[in-house]
Amino acid sequence: MSLSGFLKFVEIQTKVASVIPFILGTLYSLYRYETFNFQNFITMFISLITFDMATTAINNYCDYRKANVDYEVENPIISHGIGNTTAVFIIFALVIIAVAFGIKLTLNTNIVVLLIGLISFAAGILYTFGPIPISRMPLGEVFSGIFMGLIITFLAIYIHIYDENILTLAYQNSILKININIFEVFYIFLVSIPAIGGIANIMLANNICDVETDIINKRFTLPYYIGRKSALNLFKFLYYIGYVDIAVLVILGILPITSLLVLATLLPVNKNIKLFCENPSKSKTFVLAVKNFVIINVANALLIGIMVAIKYL
């Protein structure tokens, strides 16, 4: 198997959806809490990227096993001649690496990381594997948005501040104690909203484009249930709520006033929304959902990063 075949099998270009929330969380930790743990940063990144690749590989493998003949040619296992044994080996190798570094991260931090990691691993596997994968249900947008937009951002922050009592668990004398700094956790949720909406929209755009093909392959996603028109309206709303959220965070003093410059990205994002809604196409306009996610969240992260640089300089 060639390197290009491997990269296509794990769809390396889609990893931006997990890396950007990771970077956003890291920069937010530096800006708000003024703390950074390099070892935890590297450890989480390796676990995150390998598990993301593994879930994508599992998805392609399951699609290959279940798809109709006419649809199979689009699968990288077919188009790049990846053998069945090789595909399974890659999946297991990636999962083992992800688990190993996940355990290391837990040892470096605390049990909260372990519990969130276990839930995330389970969601990632169930998203593409099992008798009724989440990706074949009208829940894909919710799960992808929450687990990639919120959970990744939260963990990317938490690994640096795990000892500052933002969220702690303690079990003693048959009593489980949970301590949560409600305001700080809520602020992290608000910071994650543009990423949640952007990632959910990547999944939603994909499902809008593939709705007819998905029905043939017995994938009944959200657009199948709510209809294309409602799905496109939801597509627009998820972007706009992200802009409102950033403005609210600036008003609350959680983000710097310079973050309002993210609102300038509304012009290219609106243009991309219009082009996609006029012609939802996997080959022609789906990429606009990815571009919008990158435009909004990279701008957001970059502006926070600039303020971090100013703080430390």
Side-chain angles (χ1 to χ4, degrees), residues 1-26 29 36-64 75-77 80 82-130 133-135 140 143-160 162 195 199 202-203 290 293-294 297:
M1 181 185 63
S2 64
L3 176 60
S4 62
F6 168 77
L7 295 178
K8 189 65 177 177
F9 183 42
V10 300
E11 296 181 18
I12 196 67
Q13 73 278 6
T14 66
K15 302 314 143 202
V16 66
S18 57
V19 171
I20 289 178
F22 176 70
I23 297 299
L24 176 64
T26 302
S29 176
F36 178 77
N37 187 307
F38 181 76
Q39 184 180 24
N40 289 347
F41 172 83
I42 294 297
T43 302
M44 179 177 170
F45 178 77
I46 295 172
S47 181
L48 171 66
I49 202 71
T50 51
F51 187 69
D52 194 354
M53 289 193 291
T55 55
T56 302
I58 292 171
N59 184 56
N60 281 325
Y61 181 74
C62 290
D63 281 351
Y64 159 69
N75 194 291
I77 293 178
H80 286 78
I82 301 173
N84 188 74
T85 302
T86 301
V88 173
F89 174 79
I90 291 171
I91 290 169
F92 274 98
L94 289 171
V95 170
I96 289 170
I97 294 171
V99 169
F101 278 87
I103 292 172
K104 178 175 173 56
L105 186 63
T106 297
L107 295 175
N108 289 350
T109 53
N110 58 37
I111 195 172
V112 172
V113 173
L114 174 64
L115 293 177
I116 294 176
L118 287 174
I119 293 171
S120 300
F121 270 54
I125 297 299
L126 293 175
Y127 185 81
T128 57
F129 190 71
I134 295 170
S135 64
F143 273 79
S144 60
I146 293 297
F147 280 93
M148 298 188 73
L150 174 59
I151 299 300
I152 291 176
T153 304
F154 177 82
L155 280 180
I157 297 167
Y158 189 78
I159 60 172
H160 302 291
Y162 63 92
I199 291 171
I202 293 174
M203 175 59 64
V290 180
F293 166 72
V294 172
N297 289 282

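In this text, all values refer to a predicted model and were calculated from it rather than measured experimentally.
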### Side chain proximity check, Val19 to Phe45, heavy atoms < 4.5 angstrom
yes
### Message
If you compare all heavy atoms of Phe101 against all heavy atoms of Ser47, which two are closest, and at what distance to 0.1 Å?
### Response
CB-CB, 3.8 Å
### Query
Of the non-hydrogen atoms in Ala17 and Phe293, which two are nearest, and what is the gap between them?
CA-CE2, 3.7 Å
### Message
Are the side chains of Val10 and Leu94 in contact, using a 4.5 Å heavy-atom criterion?
### Response
yes
### Message
Applying the ring-ring contact (aromatic ring centres under 6.0 Å, His included) criterion to His160, which one of Phe36, Phe154, Phe38 satisfies it?
### Response
Phe36
### Query
At what distance, to the nearest 0.5 angstrom, does CD1 of Ile146 lie from CD1 of Ile152?
12.0 Å
### Query
NZ of Lys8 to OG1 of Thr56: how many Å apart, nearest 0.5 Å?
11.5 Å
### Query
So, do Tyr162 and Val113 sit near enough that their side-chain heavy atoms are less than 4.5 Å apart?
no
### Summary
Closest non-hydrogen atoms of Ser29 and Ile157, given as atom of the first, atom of the second and distance, are OG-O, 4.1 Å
### Task
Kindly give the heavy-atom pair with the smallest separation between Met203 and Ser144, and that separation in Å.
CB-OG, 3.8 Å
### Query
Quick one: does Met148's side chain get under 4.5 Å of Asp52's, heavy atoms only?
yes
#### Entry: Gap between atom OG1 of Thr86 and atom CD1 of Ile91 - 0.5 Å precision
11.0 Å
### Message
Taking the ring centre of each residue, are Phe22 and Phe41 less than 6.0 Å apart?
### Response
yes
### Query
What distance separates Leu24 CG from Ile20 CD1, expressed to the nearest 0.5 Å?
9.0 Å
### Message
Could you check whether any side-chain N or O of Asn108 sits under 3.5 Å from a backbone N or O of Asn40, counting only pairs where one atom can act as donor and the other as acceptor?
### Response
no
### Task
Nearest 0.5 Å please: distance from the CG atom of Leu114 over to the OG1 atom of Thr106.
4.5 Å
## Note on the structure
When every non-hydrogen atom of Pro21 is compared with those of Ile199, the smallest separation belongs to CG-CD1, 3.9 Å
### Task
Identify the heavy atoms of Ser120 and Ile151 that sit nearest to each other, and give their distance.
OG-CG2, 3.4 Å
### Task
Could you tell me whether the side chain of Ile46 reaches within less than 4.5 Å of the side chain of Ile97, counting heavy atoms only?
yes
#### Entry: Criterion side-chain contact (heavy atoms from CB on, under 4.5 Å) on Gln39 and Lys104, from CA distance to verdict
CA-CA 10 Å; Gln39 184 180 24; Lys104 178 175 173 56; 3.3 Å; yes
### Summary
To the nearest 0.5 Å, atom CG of Leu105 lies from atom CD1 of Ile159 at 5.5 Å
